[in-house]
Amino acid sequence: MPAGPGAVERHMDVFSRTFLPAAAEAGVGIPTVSRHMPIFRRCVDPDDTTVLVSRCYRPDAPMSGEFMMVLTYRRLVVTQETKVFHRLRLHLNANLRHLSNVTWNPDVAHSAVEITATAVDGVRERFRMRLAEPDAVWHCDSLLEHVFRPTRVIAA
């Protein structure tokens, strides 16, 4: 008996089911997703949910190539693609509990969000995400708020 249209989705893990729509929402094409996916797969658990996917760059190192950021509820993973040879490498793979002083700055005028965090090795990481439109800035801001500043429920 042939599998129905939902059969593939049922067999995909949580990361894949949530990564692909987040990448599409960010305007990241399938060829780019396919190149970066093996690195992300090695870093992210199959049961972890993707919150945000974005291309980004390092404002303090503009010649270092393009970066791809994946934020899940447990990890921040950033890959780097070099400018000349288009080689991929893992730049950052951090458990969110090991990041400190995470801040971000929405810039509606330039449709961008800059995010900074201190990694466990003490290195201050800084990335700027260019977004399609001003509304996307506020959406990205709310996703970052959701992950990094969860609401605490106080029991009565």
Side-chain angles (χ1 to χ4, degrees), residues 5-6 8-10 12-41 43-83 86 88 90-119 123-154:
V8 172
E9 284 184 26
R10 283 193 299 274
M12 290 173 62
D13 59 48
V14 173
F15 174 66
S16 295
R17 277 198 322 268
T18 56
F19 176 84
L20 296 172
E25 181 180 37
V28 179
I30 294 297
T32 302
V33 166
S34 297
R35 280 195 323 274
H36 289 259
M37 185 58 93
I39 297 173
F40 294 138
R41 280 235 169 264
C43 299
V44 178
D45 291 332
D47 66 339
D48 201 359
T49 302
T50 306
V51 177
L52 175 70
V53 174
S54 181
R55 293 174 190 247
C56 54
Y57 66 97
R58 296 182 66 191
D60 49 348
M63 299 307 290
S64 60
E66 188 170 88
F67 295 78
M68 176 85 64
M69 176 185 298
V70 172
L71 175 66
T72 71
Y73 284 108
R74 294 183 209 144
R75 302 198 80 72
L76 177 63
V77 181
V78 181
T79 56
Q80 176 184 17
E81 185 169 357
T82 61
K83 274 190 179 272
H86 300 286
L88 290 179
L90 180 62
H91 176 80
L92 177 67
N93 177 18
N95 186 307
L96 298 185
R97 293 176 301 176
H98 299 151
L99 294 174
S100 62
N101 196 20
V102 178
T103 61
W104 61 94
N105 181 30
D107 181 354
V108 178
H110 296 102
S111 294
V113 175
E114 189 166 303
I115 183 169
T116 57
T118 303
V123 174
R124 187 80 176 146
E125 298 284 355
R126 181 174 162 219
F127 299 99
R128 188 168 177 87
M129 298 176 270
R130 291 185 202 115
L131 304 169
E133 58 189 7
D135 286 346
V137 171
W138 297 122
H139 178 65
C140 181
D141 178 62
S142 69
L143 293 173
L144 293 168
E145 182 79 27
H146 179 69
V147 171
F148 291 108
R149 295 194 185 117
T151 308
R152 292 191 176 97
V153 177
I154 300 171

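Owing to the predicted nature of the structure, the values given are computational and were not obtained by experimental measurement.
Between Ser34 and Pro38, the shortest heavy-atom contact is O-CD, 3.3 Å. When every heavy atom of Ser54 is checked against every heavy atom of Ala26, the shortest pair comes out as CA-CB, 4.5 Å. The shortest non-hydrogen separation linking Ser16 to Pro21 is O-CD, 4.3 Å. Contact detail for Ser100 and Arg124: the closest heavy-atom pair is O-NH1, 3.7 Å. Looking at every heavy atom in both residues, Ala117 comes nearest to Leu99 through CB-CD2, 4.3 Å.
Heavy-atom contacts from other residues, nucleotides or ligands closer than 6.0 Å to CZ of Arg130 number 12 or fewer.
Under the 4.5 Å side-chain criterion, counting only non-hydrogen atoms from C-beta, Glu125 is not in contact with Leu76. Taking 4.5 Å as the limit, some side-chain heavy atom of Val70 sits within range of a side-chain heavy atom of Thr50. Counting heavy atoms from C-beta on, the side chains of Leu96 and Phe148 come closer than 4.5 Å. At least one side-chain heavy atom of Phe19 sits under 4.5 Å from a side-chain heavy atom of Val33. Side-chain contact between His36 and Val77 is absent, with no heavy-atom pair separated by less than 4.5 Å. Between Leu88 and Met68 the shortest side-chain heavy-atom distance does not fall below 4.5 Å. With a 4.5 Å cut-off on side-chain heavy atoms, Glu114 and Trp104 do not count as touching. Counting heavy atoms from C-beta outward, Val137 and Cys140 have side chains that stay 4.5 Å or more apart.
From Asn95, atom CG reaches atom SG of Cys43 across 12.0 Å, with rounding to the nearest 0.5 Å. Rounding to the nearest 0.5 Å gives a distance of 9.0 Å between OG1 of Thr32 and CD1 of Ile30. Separating the CG atom in Leu52 from the CE atom in Met69 is a distance of 7.0 Å, to the nearest 0.5 Å. With rounding to the nearest 0.5 Å, the separation of CE in Met129 from CG in Leu71 is 8.5 Å. The CG atom of Leu143 sits 13.5 Å away from atom CH2 of Trp138, with the distance rounded to the nearest 0.5 Å. Between atom CZ of residue Phe15 and atom OG1 of residue Thr49 there is a gap of 10.5 Å, rounded to the nearest 0.5 Å.
Judged by distance alone, with hydrogens and angles left aside, the side-chain atoms of Gln80 form a donor-acceptor pair with the main-chain N or O of Ser64 at under 3.5 Å. A distance-only check finds a donor-acceptor pair linking the side chain of Thr72 to the backbone of Arg74 [under 3.5 Å].
The list of salt bridge (charged side-chain N to carboxylate O under 4.0 Å, His left out) pairs with a residue in residues 97-106, not counting sequence neighbours, is empty. Pairs of residues two or more places apart, or lying in two chains, that qualify as side chain to side chain donor-acceptor pair (under 3.5 Å) and include a residue from residues 21-31 are Glu25-His139.
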Handout entry: Stepwise salt bridge (charged side-chain N to carboxylate O under 4.0 Å, His left out) check, Asp48 with Arg75
Key = CA-CA 9 Å; Asp48 201 359; Arg75 302 198 80 72; over 6 Å; no
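Checking Asp141, Leu144, Leu131 one by one against Pro106, the side-chain contact (heavy atoms from CB on, under 4.5 Å) holds for a single residue, Asp141.
Tyr73 and His146 have perpendicular rings, their planes meeting at more than 60° on a 0 to 90° scale where under 30° would count as parallel.
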